[in-house]
2 protein chains.
Amino acid sequence: MSVQISVTMNQTDVMVDLPGVTEVAFEAARQMMTRSLERSSVKNRDAVKDTFITLLKACPEANPSDLWHHIVYRQYLEILPAHRVQNPDQSWKRASGDALEVAIAEIHEPLFAENNIRIQVLVGRPKKIAALMAMGISGVVGSDKLDVALYIDDTDEIFGGVHVKASLAERISDDVPCSREMMQNGFFSPLWTLDVKSFPPPHPDPLVNRGELGSPTAPSEKRGYVEKHGSFDHLFSANARSMPSSGTTPSGKRVMRLNLATQPNLFAQEVIARAKLFKEQGRAAAPPPPVTPSDR
Amino acid sequence: MSVQISVTMNQTDVMVDLPGVTEVAFEAARQMMTRSLERSSVKNRDAVKDTFITLLKACPEANPSDLWHHIVYRQYLEILPAHRVQNPDQSWKRASGDALEVAIAEIHEPLFAENNIRIQVLVGRPKKIAALMAMGISGVVGSDKLDVALYIDDTDEIFGGVHVKASLAERISDDVPCSREMMQNGFFSPLWTLDVKSFPPPHPDPLVNRGELGSPTAPSEKRGYVEKHGSFDHLFSANARSMPSSGTTPSGKRVMRLNLATQPNLFAQEVIARAKLFKEQGRAAAPPPPVTPSDR
DNA sequence: CTCGACCGGTCGA
DNA sequence: TTCGACCGGTCGA
């Protein structure tokens, strides 16, 4: 039960192994993507979101980050040109970022509803501004840097928000100021990522999607944002190759590896716990964010 | 004395007018780009840098940002594939950013030398760390966000640094934390940009490179970073379509439009003035950065 | 070899 | 219509 795909890059063919992916699931994804993109009324982000969720359900053993990077991404680039005139690479950047936010909301909606939590994608500036105002950080420079909001019950009482990133690059720093302010004001501020990153040939492990977090013993800059500086209420990575934090971290904040197949996953557990704490104790319940001397 | 180019995008042909550009200059640029890229020993960024500087000298009346966006950029995409196997769009992103930093240093080196100022591109992490340490902001999160350093004479005494961006997008926020810290510590921290931004058809003014600063009366988010929040020691734009600040700004910091043909240009004047002030009074000479209530 | 920052067409609200 | 944020192959040090 494993599909191999061939990717041509820099005039080199690379075979990529996708454990946990069946031919049937692979073809179902292609069909979902094609059916979606051929209808001009379907938003590009929804084509991506629906294809990803189809794959997640069909391949519970697979690495979600690989499903995204090697199947959804590459099928989008392949299929889009038949239906849209736009540049497929740039279209992917624009559409896939939104798609991931919507997918995360959709995946968790039922479970969160059972726990009297509402998850909402903050689409459009007014919604973002409103959410940030509710947390007392409106008007701040770079303020509309929050993707997804978390509310208590059906109220507008916000207890936190999720920073969503398909890949980290240097762009992780964009989210830090907003996240720190949220934490300082007592709101829950996790980072949810697929941590997608692979290198093309002639890299020694071409197209192996290792992500950018390094290991606890050889931490990358990005791992430091969480483990050392504690700039988020944990980093949840849905890349099976991400190495979780080990032992205690300087900031107390951790890299957590998500297994989306076992529900409630670690992210969902944390959201539910923090909602409960918020209902019992309000904003005061949140621990103050750690500050290291070399931190901003 | 004006060249028109035809750009095909989204299956539409768009004619772009380039006032101040002669056929001779246009062909000289193409030759410089070709000659550079066909030699595998020439770094991609140097091909870009040399072509840009060739054009700047040959076309003093032209809009520098247009030279970059419509000639250097498009010629690079056209010519690179004949000599390199890599993806030309991604290659441009990687190489052009570095090229602009090197170009700015090269353009100003002679004038700055006359004024006992040294400008240095901070290439490689160790150099960046050293420069930031010298300004007392080492180890800070997102700290290696400085591109170019400015020193007094031939010493290692740093009095500031330049944040360089070809285009702004949301990425301008990356530079804010470092810049604010620099200013707070008494160092000179301007932003130098080409402010490149055009929209493809079917936009009403397809491919017109208007930039992203809006106007003083209808300020964009990016203009607010400077005029309202004062996050940089002025924003110097080499896009002739950038509208400079008018009257006084809330922060005292301004958008300035550069005319590179008249030397010393506004950027050079400010660098020289700040170097003089620094020599006379040291870091204390720098005015404290303005802080507005809605600022971080 | 490793691993960081570079940028622009897109597409919605 | 305007104008914001989305992301990944590259290529050096």
Side-chain angles (χ1 to χ4, degrees), chain A residues 9-10 43-45 69 73 77 80 84-101 123-128 142 144-145 147 164-175 194 196-205 207 210-214 218 220-222, chain B residues 9-10 43-45 69 73 77 80 84-101 122-128 142 144-145 147 164-174 194 196-205 207 210-214 218 220-222:
Chain A
M9 204 172 246
N10 300 345
K43 293 189 178 82
N44 294 9
R45 69 169 174 225
H69 183 54
Y73 172 43
L77 296 188
L80 188 81
R84 309 271 200 277
V85 303
Q86 281 77 11
N87 179 307
D89 294 280
Q90 296 290 61
S91 175
W92 168 258
K93 292 176 187 184
R94 178 61 174 81
S96 68
D98 287 359
L100 184 59
E101 298 169 16
V123 54
R125 271 187 107 244
K127 276 212 183 88
K128 292 201 188 195
D144 37 1
K145 289 287 183 186
D147 303 307
V164 178
K165 296 197 104 58
S167 57
L168 302 176
E170 87 289 3
R171 298 173 274 100
I172 187 178
S173 69
D174 291 356
D175 297 281
L194 291 167
V196 167
K197 183 66 179 182
S198 74
F199 289 89
H203 192 276
D205 293 318
L207 298 189
R210 295 209 184 284
E212 304 186 65
L213 291 167
S220 67
E221 282 253 305
K222 287 104 191 183
Chain B
M9 203 173 248
N10 299 346
K43 292 189 180 81
N44 293 9
R45 68 169 175 226
H69 183 53
Y73 172 43
L77 295 188
L80 188 81
R84 310 272 199 276
V85 303
Q86 280 78 10
N87 179 308
D89 295 279
Q90 296 291 59
S91 174
W92 167 258
K93 292 176 187 185
R94 178 61 175 80
S96 68
D98 287 359
L100 185 58
E101 298 169 16
L122 296 173
V123 54
R125 270 187 108 246
K127 276 211 182 90
K128 292 199 190 197
D144 38 0
K145 288 286 182 186
D147 304 307
V164 177
K165 296 198 105 59
S167 56
L168 302 176
E170 87 288 3
R171 297 171 277 99
I172 187 178
S173 69
D174 292 355
L194 290 168
V196 166
K197 184 65 179 184
S198 73
F199 288 89
H203 192 276
D205 294 317
L207 298 190
R210 296 209 184 284
E212 303 187 65
L213 291 168
S220 67
E221 282 254 305
K222 287 106 192 181

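If you're wondering where the values come from, they're calculated on a predicted model, not measured in any experiment. Proteins come first, then strands; the chains are lettered A, B, ... in the order of their sequence lines, and each starts at number 1.
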**Message:** Using a strict threshold of under 4.0 Å (side-chain N to carboxylate O), is an ion pair present between Lys197(A) and Glu212(A)?
**Reply:** no
**Message:** Regarding Lys43(B), tell me which of base, sugar-phosphate or nothing describes its non-hydrogen contacts under 4.0 Å with the strands shown.
**Reply:** sugar-phosphate
**Request:** Using only heavy-atom distances, decide whether a donor-acceptor pair under 3.5 angstrom links the side-chain of Lys197(A) to the base of dT10(D).
**Result:** yes
**Request:** Assign Asp205(B) to base, sugar-phosphate, or nothing according to its heavy-atom contacts below 4.0 angstrom with the strands shown.
**Result:** nothing
**Request:** Round to a whole Å and report the spacing from CG of Leu100(A) to C1' of dC11(C).
**Result:** 17 Å
**Item:** Arg125(A) side chain near dT2(D) phosphate (N/O to OP1/OP2, under 4.0 Å)
**Value:** no
**Message:** Let me spell it out: for each of Leu207(B) and Gly124(A), pick the nucleotide of DNA chain C with the closest heavy atom. Which residue's pick is nearer the 5' end?
**Reply:** Leu207(B)
**Asked** Within the structure shown, what part of the strands sits under 4.0 Å from Asp89(B) by heavy-atom distance: base, sugar-phosphate, or nothing?
**Response** nothing
**Item:** Check: Lys145(B) side chain, dG4(C) base, donor-acceptor under 3.5 Å
**Value:** no
**Request:** With DNA chain C as reference, determine whether Ser167(B) or Arg84(A) sits nearer its 5' end, using the nearest nucleotide of each.
**Result:** Ser167(B)
**N/O donor-acceptor pair, side chain Gln90(A) with base dG8(C), under 3.5 angstrom** = yes
**Request:** Search all heavy atoms of Leu168(B) against all heavy atoms of Leu213(B) and return the closest pair with its distance.
**Result:** CD1-CD2, 3.8 Å
**Item:** Spacing of Lys165(B) atom NZ relative to dA5(D) atom P, expressed in whole Å
**Value:** 13 Å
**Item:** Option passing side-chain contact (heavy atoms from CB on, under 4.5 Å) with Ser91(A) (candidates Val85(A), Leu77(A), Leu80(A))
**Value:** Leu80(A)
**Message:** Check this for me: does any side-chain nitrogen of one of Asp98(B) and Arg94(B) sit under 4.0 Å from a carboxylate oxygen of the other?
**Reply:** yes
**Message:** Applying a 4.0 Å non-hydrogen cut-off, can you work out what Asn87(A) is touching in the nucleic acid: base, sugar-phosphate, or nothing?
**Reply:** sugar-phosphate
**Message:** I want to verify a distance call: between dT10(C), dC6(C), dA13(C), whose nearest atom is closest to the Glu170(A) side chain?
**Reply:** dC6(C)
**Prompt:** Is any side-chain nitrogen or oxygen of Asn44(B) closer than 4.0 Å to OP1 or OP2 of dC6(C)?
**Reply:** no
**Asked** With no angle test and no hydrogens, is the base of dG9(C) tied to the side chain of Lys93(B) by a donor-acceptor pair under 3.5 Å?
**Response** no
**Atom pair distance, as rounded to whole Å: CG in Leu168(B) and P in dC6(C)** = 13 Å
**Item:** Nearest-Å distance for atom pair CD/P, residues Glu101(A) and dC6(D)
**Value:** 7 Å
**Prompt:** Contact class for Arg171(A) (heavy atom, under 4.0 Å): base, sugar-phosphate, or nothing?
**Reply:** base
**Request:** Using a heavy-atom cut-off of under 4.0 Å over every strand shown, decide if Pro204(A) touches base, sugar-phosphate, or nothing.
**Result:** sugar-phosphate
**Message:** Which heavy atom of Leu207(A) sits nearest to which heavy atom of Pro200(A), and what is that distance?
**Reply:** CD2-CA, 3.9 Å
**Request:** Scan Gln86(B) against the nucleic acid and name what it touches under 4.0 Å (heavy atoms): base, sugar-phosphate only, or nothing.
**Result:** sugar-phosphate
**Asked** Given dC6(D), is OP1 or OP2 found less than 4.0 Å from the side-chain N or O atoms of Tyr73(A)?
**Response** no
**Message:** Whether Ser91(A) contacts dG9(C) is assessed here as follows: a side-chain N or O lying under 4.0 Å from the phosphate OP1 or OP2. Is that the case?
**Reply:** no
**Prompt:** dG4(C) P sits how many Å from Asp98(B) CG, rounded?
**Reply:** 16 Å
**Length of the line joining Ile172(B):CD1 and dG8(C):C1', which is rounded to integer Å** = 16 Å
**Message:** With a 4.0 Å limit, can you tell me whether Lys222(A) has a side-chain N or O closer than that to the phosphate oxygens OP1/OP2 of dC3(C)?
**Reply:** no
**Item:** Gap between atoms CG and C1', on Leu80(A) and dT10(C) respectively (whole Å)
**Value:** 10 Å
**Fill in**
Whichever of His203(B) and Ser198(A) has the more 5' nearest nucleotide on DNA chain D, that residue is His203(B)
**Request:** Spell out yes or no: do the side chain of Arg94(A) and the base of dC6(D) have one donor N/O and one acceptor N/O closer than 3.5 Å?
**Result:** no
**Request:** Measure from CG on Asn10(A) to C1' on dT10(D) and round the result to the nearest Å.
**Result:** 9 Å
**Asked** Got a second to check how far Arg210(A)'s CZ is from Asp205(A)'s CG, nearest 0.5 Å?
**Response** 4.5 Å
**Prompt:** Contact class for Phe199(A) vs. all strands (heavy atom < 4.0 Å): base, sugar-phosphate, or nothing?
**Reply:** base
**Prompt:** Taking all non-hydrogen atoms of both residues, which atom of Lys222(A) and which atom of Ala169(A) are closest, and how far apart?
**Reply:** CE-O, 3.2 Å
**Request:** Could you pick out which residue, Ser96(A) or Trp92(B), lies toward the 5' side of DNA chain D when each is mapped onto its nearest nucleotide?
**Result:** Ser96(A)
